[in-house]
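Each remark here refers to the structure printed beneath this line.
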Amino acid sequence: MLLEPLDLIVFIGYCCLIVGMGLFVSREKKGHVKNSKDYFLASKALPWWAVGASLIASNISAEQFIGMSGSGFALGLAISTYEWMAAITLLVVAIFFLPVYIKKGIYTMPGFLLDRYDTRVRTTMAIFWLALYVFVNLTSVLYLGALSLNTIMDVPMTYGIIGLALFAMIYSIYGGLKAVAWTDVVQVFFLAAGGLATTYIALTMVGDGSAWEGLGMLRREVPGHFSMILSKGEMMIPDGKGGIKDAYLDLPGISVLVGGMWIVNLNYWGFNQYITQRALAAKSLDEAQKGMVFAGFLKLLMPLIVVIPGIAALVIVNNGLDVGFVESMKDPVTGIIKSDRAYPTLLQLLPVGLKGLAFAALTAAIVSSLASMANSTSTIFTMDIYNKYIEKNPSESKQVLVGRLTAAIAFIVAAIVAPALGQLDQAFQFIQEYTGFISPGVFAIFLLGVFWKKTTSNAALVGAALSIPLSVVLKLMWTDLPFLDRMGVVFLTLLVLMVTISLIEGKGKDHPKGIEISRDLFQSSAGFKIGAMFIILITSALYIVFW
């Protein structure tokens, strides 16, 4: 047990606060029965700051704290491009996609596909998303969370997985999105405070008592870890099996900025149910857009919280500053230094009290994402599968019940699968790559669906059906192709196929469900425009400095 009594008091206090708040905000007024709008869209009453906080709490999870710190250990600051490009992507989604979603009054992303295409496209993508959320997202977050419990408190992996699942289930299954979103506001505070504390301690250790000197030491000791654009053969990193591989396979140079990374980000922030669901639950379009700007500013801060500690861990290991630290970085079975153990090991360096706060921050990130993913899984299953194929026109209370049962089953399945991820060195990259099997098709379907009225339902169905097979074939046949570039190739291929099919089938005519786009649809408030301008300027400056 590596947590002192004070740390445990801080951590237990956090747990009680989150569960208590989740149950409190889930209460209904006397005589009011929770309906589907309450459960799945938080009664459409979220203000901008709650939208932004919930977006980040849902996004920042063990895959960032542990997975991205692990990638920082292996790849360096270049992995931050996921965060900094996300800030710009949030603006693109807020301006061009969110107005369409809110105007149509949809609950789910498959629901939009039904509105724009047909039942076949909706059902196909609903099944893909359900499988992705359960077998990749929920599973990986549970595994990485349990890894942190194992490293910090020596909790067996199985118990850690079960404990985290139960914690997230206690308040999220009962309260739905309202409980998840409002507790996220508190979670973000713990996430930022605990994360910054860990960064500060790691830098002061490297800098012999000075965090500023520590940051300078990182740049001097591992200058290659402060390059945003990697060249082929520039950096060799662990492959998780005792060997090495070219970092270019994970972050393929300039094509990161102009290629597959845009597919990753737009798919995640624009067409991902457990992200867009927060914006759909906003009071208005203006509140939703301002919330996305707020989230964009928080994304710019995240590399300081999750990437810099990973680079600091590398310097500590390279310089042998702490023998116990190096031993803790090693996999207990193979004895190989494991990148994803960087952040949990760093938490051991924190003083009493701060360690409890940082552990609470990590747990906040884990359970908030688990709750969000499970809630969105239940939303898609209830709205797009159950209501369509199992029971037509179920009562509001029946839909809430189905949603709760679906979330519980999703947790159980993910908990069973999670231990299988133990062989990975960088779980963050695993998540990105296997999400990328679906992302090109999703992006093509939504992009053409919103902006090209000639896109037909059959073309969309081809895009959905071929995304995974094409990705698998390219992965097997072109083994030295970086997965981000592979996503770009698959996307362009699907785009050509979908355009060709639409032109042949529709004979040049607009599809009956084509979306009418007008300038009025994309109007934004002055506050949003000012915030967006600052995000663009800051992001551009960061890339110029660390090019």
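All values below come from the heavy atoms of this structure, side chains included, with hydrogens, waters and symmetry mates left out.
If you take CD1 on I79 and NE2 on H225, they are separated by 11.0 Å, rounding to the nearest 0.5 Å. A distance of 9.5 Å separates OG1 of T345 from CD1 of I316, quoted to the nearest 0.5 Å. E221 contributes atom CD, which lies 13.0 Å from atom CD1 of I311 (distance to the nearest 0.5 angstrom). Note: T81 OG1 to L484 CG = 9.5 Å, rounded to the nearest 0.5 Å. Taking CZ from F271 and CH2 from W129, the interatomic distance works out to 9.0 Å, rounded to the nearest 0.5 Å. Taken to the nearest 0.5 Å, the CG atom of L75 stands 11.0 Å off from the OG atom of S227.
In this structure, L370 and F411 have side chains that are in contact, with non-hydrogen atoms separated by less than 4.5 Å. Two residues are said to be in side-chain contact when any heavy atoms from C-beta on lie closer than 4.5 Å; L132 and F437 fail this criterion. Looking at heavy atoms from C-beta onward, N267 lies out of side-chain contact with N272 at the 4.5 angstrom threshold. For the pair M157 and Y143, the minimum side-chain heavy-atom distance is below 4.5 Å. In this structure the side chain of N137 never reaches within 4.5 angstrom of the side chain of V141, judged on heavy atoms. Counting heavy atoms from C-beta on, the side chains of L257 and Y543 come closer than 4.5 Å. At least one side-chain heavy atom of L476 sits less than 4.5 Å from a side-chain heavy atom of V472. With contacts defined as side-chain heavy-atom distances shorter than 4.5 Å, the pair V442/F128 does not qualify.
For the pair L98 and A288, the tightest heavy-atom approach, listed with the atom from each and the gap, is CD2-CB, 3.6 Å. Across V413 and V134, no two heavy atoms sit closer than the pair CG1-CG1, 3.7 Å. The two residues V490 and P440 have their closest heavy-atom pair at CG1-CB, 3.7 Å. Closest non-hydrogen pair, V155 versus Y159, comes out as CG1-CB, 4.0 Å. In this structure, G270 and V93 approach most closely via the heavy-atom pair CA-CG2, 3.6 Å. Closest non-hydrogen pair, A374 versus L138, comes out as N-CD2, 4.4 Å.
Among residues at least two apart or in separate chains, side chain to side chain donor-acceptor pair (under 3.5 Å) pairs with a member in residues 198-212 are T198-Y343. Sequence neighbours left out, not one pair with a member in residues 301-314 passes side chain to side chain donor-acceptor pair (under 3.5 Å).
Side-chain N/O atoms of Y268 and S439 include no donor and acceptor closer than 3.5 Å.
With sequence neighbours excluded, the residues that form a salt bridge (Lys or Arg N to Asp or Glu O under 4.0 Å) with E213 are R220. Residues passing the salt bridge (Lys or Arg N to Asp or Glu O under 4.0 Å) test with R341, sequence neighbours excluded: none. Taking the side chain to side chain contact (heavy atoms under 4.5 Å, CB included) definition, one finds that K529 meets it with S524, sequence neighbours left out.
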Tabulate below the donor-acceptor pairs under 3.5 Å that side-chain atoms of residues 294-308 make, not counting sequence neighbours, or state none.
unit_1: K299; atom_1: NZ; unit_2: N59; atom_2: OD1; d: 2.5
unit_1: K299; atom_1: NZ; unit_2: E83; atom_2: OE1; d: 2.6
unit_1: K299; atom_1: NZ; unit_2: E83; atom_2: OE2; d: 3.3

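S376 places no side-chain N or O within 3.5 Å of a backbone atom of M373 that could act as its donor or acceptor partner. A donor-acceptor contact shorter than 3.5 Å is absent between the side chain of T539 and the backbone of M85. At least one donor-acceptor pair closer than 3.5 Å links the side chain of N265 to the backbone N or O of M261.
The aromatic rings of F491 and F443 sit parallel to each other, their planes meeting at less than 30°, with 60° as the upper class boundary.
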Query raised in the report: Checking side-chain contact (heavy atoms from CB on, under 4.5 Å) for the pair V293/L90: CA distance, chi angles, key distance, verdict?
Result: CA-CA 7 Å; V293 167; L90 280 161; over 6 Å; no
Report task. Go through the steps to decide whether D485 and V489 satisfy the test side-chain contact (heavy atoms from CB on, under 4.5 Å), and finish with yes or no. Result -> CA-CA 6 Å; D485 289 348; V489 172; 5.5 Å; no
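Of the residues listed (T89, L77, I538), the one engaging W84 in a side chain to side chain contact (heavy atoms under 4.5 Å, CB included) is L77, and it is the only one.
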